[in-house]
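Below: the structure, in C-alpha cells.
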Amino acid sequence: MSISSTRIHTVGLALAIASTSVSAAQLDYGWRVGVGHSDNIGLEQSNPISQNVLIPGFDFSYQQQGSTFQTNVVGNMEYRDYLGNAFDNQKLVELAGQANWSVVPQRLDFTVRDVASVQPLSTFSSNVPNNQQEANVLALGPIIHFRLNPTLRGQTELTYTNSHASKTNEFNSSRGSVAVRLIKDLNSTTSLSTNAEVERVTFDESNNAPNYNRTQLYAGYVSRLSKVEFDASLGWSRLTFNHADNVDSPLARFRIAWHASPRTTLGLRASREYADAAQDLLGEMGQNSPVSVPNTPLPSNIGTGNAVISSQIYIERRLEGEYTYTGSLLTLTLAPLYRKLDYVNDSASNQVSRGGTAGLDYRLRPRLTLSAFANTDSRRYESLARTDRVSNFGVVLTNQRTAHWSWSALFTRRLRSSTAAGASYHANEIYLGVAYRR
C-alpha cells in the first residue's frame with residue numbers, strides 16, 4: 001500500500017504552515033524496529049500458518065500553538081516484511097492532522113483536517129493483509145466570524161471534503177458544504193446556538209450510489225464548568241437523493257464529561273443521526289468531544305480499524321462511555337460501546353454492535369511498566385442472521401532504559417467466533433522491539 005498524494009500534500013501544508021513560526025512549535029519523532037511471531041498469521045479456522053514478521057517503523061508528532069497559526073499533526077509509518085512469504089510485504093501509513101490559519105484575527109480563519117487510516121475491505125473477513133486498505137478523508141475551507149452584539153456572535157463555514165480509499169472505489173467522493181451558526185453567550189461558561197447545514201455529496205463513480213443533498217437544522221446547548229462539560233444538540237435532518245426516495249429523521253447528540261477528581265474522569269456520549277464512513281473517520285479526531293475512546297496500549301504498530309468503507313448512508317444510534325483513572329503508579333481506562341446502524345438504501349447491511357475496550361498500566365519500577373489490554377466487539381447482522389464476536393487481549397512489558405531508548409515485549413491472544421461457517425479463528429502473537437524517541 002502506498003501513501004496517497006492527497007495525504008502527502010496535507011502533511012506538507014500542515015508542516016509548512018507550522019514552520020512559519022518555529023518558536024511556538026514542537027516536533028517529536030521516533031523510530032522502532034521489532035520482530036513479531038504469530039502461530040496463525042492468516043487468522044484461519046483450520047490449517048494455521050506460523051510465521052515471523054520484521055516490522056520497522058517511524059512516528060512523529062508536530063504541534064504549534066501561535067496567535068496566527070495552530071497545528072497538530074500525528075503520524076505513523078510502518079513496513080512489514082513477512083519473512084515466510086505468507087503475504088506480500090506492506091507499507092502502511094496512518095495520520096491525524098489539523099491546521100488553522102487566522103487570516104484575519106477574529107474575522108477569518110482557514111482550516112485543514114486530514115485523517116488517514118488502515119481499514120478493512122470487508123468486515124465479514126479476518127483482519128489480514130489482503131483484507132486491508134488505506135482510507136483518507138481531507139476537509140478544508142474558510143470560517144467567517146461575525147458579531148452582532150456583545151453576547152451574540154455567528155460564523156459561516158465553507159468546507160470542501162474529499163474521501164478516497166485505495167481499493168473500495170465506491171467510497172471515493174467530493175463534498176461541498178455550507179454551515180451558518182448563531183451563538184448566544186448566556187454567561188462565560190454557557191451558550192445556546194442555532195445551526196443550519198447544507199451539504200452536497202457527489203461520488204466519483206455514480207453507478208455505486210446516488211448523489212444526494214443533506215440538510216440539517218438543529219439547536220445546541222454547551223456548558224463548560226470546572227468539573228463538568230456538557231454539550232447537547234437537537235434538530236432534524238433530511239436527505240434528498242438524485243435517484244431514490246427522500247428521507248428525513250430526528251437528529252440528537254449528547255455529551256457529558258465529569259472530572260470527579262484530579263485523577264478521575266467519567267464520560268458519556270449518545271447520538272442518533274445520519275452518518276457514513278467518511279463522516280465517521282473524520283470524526284475520529286475527536287477535537288471537540290470530551291469523551292474519547294482510548295487506543296489499545298500496544299507499541300506504536302499500526303492497527304486496522306473496523307469502519308465499513310462504502311458509499312452507504314445509515315442512521316447511527318450510538319451510546320458510549322468512558323472511565324479514566326490516572327494515578328502515580330496506576331492508570332485505568334474502561335470504554336463500553338453500543339452501536340446500531342440502519343442503512344437507508346441497503347437494509348441487508350443493518351447491524352448491531354456491542355463491546356468496548358479496557359486498558360491498565362502499572363508502573364512496577366520507575367522505568368518498568370506492565371500494561372494489560374482487552375477489546376471486544378460482538379456484531380450481529382440482522383437480515384443475515386449472522387453474529388461475529390472478535391476479542392483481543394494481552395499484556396505489554398515496557399522498559400524505558402534511557403530518556404530516548406526503550407524496549408518492549410508483547411503477548412496478544414486473538415479470538416473470533418462466528419455463526420458463519422469457516423469464519424472463526426484463534427491466534428497467539430508475540431512481539432519484541434526496541435524504540436528510540438527524540
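In this text, all values refer to a predicted model and were calculated from it rather than measured experimentally.
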Main chain of I309, side chain of Q119: is a donor-acceptor contact present, judged purely on distance under 3.5 Å? no
Do P48 and H426 come close enough that some side-chain heavy atom pair is under 4.5 Å? no
Hey, could you give me the CG/CG distance between N392 and N375, rounded to the nearest 0.5 Å? 4.5 Å
Please indicate whether W258 has more than 12 foreign heavy atoms, meaning atoms of other residues, nucleotides or ligands, lying under 6.0 Å from its CH2. no
Could you give the distance from CG (N149) to OG1 (T151), rounded to the nearest 0.5 Å? 4.5 Å
Provide the closest heavy-atom pair for N211 versus T202 in the form atom of the first, atom of the second, distance. OD1-CA, 3.5 Å
Would you call T123 and R379 a side-chain contact if the rule is heavy atoms closer than 4.5 Å? yes
Pair E170-S311, side-chain donor/acceptor within less than 3.5 Å: yes
Check the side chains of T324 and E322 for a donor-acceptor pair under 3.5 angstrom, ignoring hydrogens and angles. yes
Just checking, is any N or O donor in the side chain of T387 or R380 under 3.5 Å from an acceptor N or O on the other one? yes
Please determine, by modelled atom types, if T111 and R113 share a side-chain donor-acceptor pair under 3.5 angstrom. no
Within a radius of less than 6.0 Å around CG of N246, do more than 12 heavy atoms belonging to other residues, nucleotides or ligands occur? yes
Could you measure the distance from the CD atom of E229 to the OG atom of S223? Nearest 0.5 Å is fine. 9.5 Å
Please find the pair of heavy atoms, one from S233 and one from D231, that lie closest to each other, and give the distance. OG-OD1, 4.3 Å
Under the criterion side-chain contact (heavy atoms from CB on, under 4.5 Å), I'd like the reasoning laid out for Q312 against S349: C-alpha separation, chi angles, the key distance, then a yes or no. CA-CA 9 Å; Q312 297 299 323; S349 299; 5.8 Å; no
How far apart are the C-alpha atoms of Y221 and L234, what are their side-chain angles, what is the distance that settles it, and do they pass the side-chain contact (heavy atoms from CB on, under 4.5 Å) test? CA-CA 9 Å; Y221 174 85; L234 184 64; over 6 Å; no
Modelled atom types, side-chain donor and acceptor of Q98 and N72, under 3.5 Å: no
Quick one about N187 and T189 (side-chain donor to acceptor, distance below 3.5 Å, no hydrogens or angles considered), yes or no? yes
OG on S163 to CG on L281, rounded to 0.5 Å: 9.0 Å
Decide if atom CD1 of I49 counts as having more than 12 heavy atoms of other residues, nucleotides or ligands within a radius under 6.0 Å. no
Report yes or no: does Q45 contribute a side-chain atom to a donor-acceptor pair with the main-chain N or O of S424 at less than 3.5 Å? yes
For the backbone of S166 and the side chain of E134, can you confirm whether one donor and one acceptor N or O come within less than 3.5 Å of each other? no
Examine R253 relative to Y218 and say whether NZ or CZ is less than 6.0 Å from the centre of the six-membered ring and inside a 45° cone about the ring axis. yes
Side chains of S418 and D388: do they bring a donor and an acceptor to under 3.5 Å? yes
Spacing of Q279 atom CD and T161 atom OG1 [to the nearest 0.5 Å]: 10.0 Å
State whether the side chain of D185 and the backbone N or O of S191 hold a donor-acceptor pair below 3.5 Å, judged by distance alone. no
Residue pair S310 / F171: nearest heavy atoms and the distance that separates them: O-CD1, 3.5 Å
Run the numbers on S173 and R175 for side-chain hydrogen bond (donor to acceptor under 3.5 Å, both in side chains), then give the verdict. CA-CA 7 Å; S173 69; R175 304 165 186 239; 3.3 Å; yes
Taking the six-membered ring for Trp, are Y62 and Y29 ring centroids under 6.0 Å apart? no
Taking the side chain as everything from C-beta on, heavy atoms only, tell me whether E157 gets closer than 4.5 Å to R181. yes
I'd like to check F60 versus V73 (side-chain heavy atoms, cut-off strictly below 4.5 Å). Are they in contact? yes
Determine whether a donor-acceptor pair (N or O, by modelled atom type, separation under 3.5 Å) exists between the side chain of N172 and the backbone of A165. yes
Of the options R339, R269, R255, which is the one that meets E320 in a salt bridge (charged side-chain N to carboxylate O under 4.0 Å, His left out)? R269
Are the side chains of N195 and Q216 in contact, using a 4.5 Å heavy-atom criterion? no
Between R32 and E78, does any NZ, NE, NH1 or NH2 come within less than 4.0 Å of an OD or OE carboxylate oxygen? yes
Give the minimum heavy-atom separation between P129 and F87, together with the two atoms involved. CG-CG, 3.7 Å
Nearest non-hydrogen partners of T71 and Q65, listed with the distance: O-NE2, 4.1 Å
Any donor-acceptor N or O pair under 3.5 Å, side chains N127, Y425: no
Please check if any side-chain donor atom of D361 sits under 3.5 Å from a side-chain acceptor atom of S371, or the reverse. yes
Measuring only between side-chain heavy atoms, which start at C-beta, is D114 closer than 4.5 Å to N136? yes
Any idea how F241 and Y212 line up, ring-wise: parallel (<30°), tilted (30 to 60°), or perpendicular (>60°)? tilted
May I ask you to decide if N131's main-chain N or O and K167's side chain share a donor-acceptor pair within less than 3.5 Å? no
Give a yes or no answer on whether the side chain of D39 reaches the backbone of N428 with a donor-acceptor pair at less than 3.5 Å. yes
Between V53 and Y82, does the side-chain contact (heavy atoms from CB on, under 4.5 Å) criterion hold? Intermediate values first, please. CA-CA 5 Å; V53 186; Y82 293 89; 3.7 Å; yes
Would you call the rings of Y381 and F124 parallel, tilted or perpendicular if under 30° counts as parallel and over 60° as perpendicular? tilted
Counting distance only, does the side-chain N/O of T376 pair as donor-acceptor with the main-chain N or O of S391 below 3.5 Å? no
Shortest non-hydrogen contact between G42 and V128, atoms and distance: O-CG1, 3.3 Å
Quick one: are S249 and R272 in side-chain contact, heavy atoms under 4.5 Å? yes
Can you measure from CG (D377) to CZ (R416) and round to the nearest 0.5 angstrom? 10.0 Å
For the pair R214 (side chain) and Y274 (backbone), establish whether a donor and an acceptor sit closer than 3.5 Å, ignoring hydrogens and angles. yes
Heavy-atom check, side chain of L108 versus side chain of W101, under 4.5 Å: no
Going by distance alone, is a donor N or O of one side chain under 3.5 Å from an acceptor N or O of the other, for Q133 and T168? yes
Checking side-chain contact (heavy atoms from CB on, under 4.5 Å) for the pair R80/L92: CA distance, chi angles, key distance, verdict? CA-CA 8 Å; R80 296 181 182 177; L92 302 177; 3.4 Å; yes
Decide yes or no on salt bridge (Lys or Arg N to Asp or Glu O under 4.0 Å) for R318 and D280, but give the supporting numbers first. CA-CA 12 Å; R318 186 183 187 101; D280 283 351; 5.7 Å; no
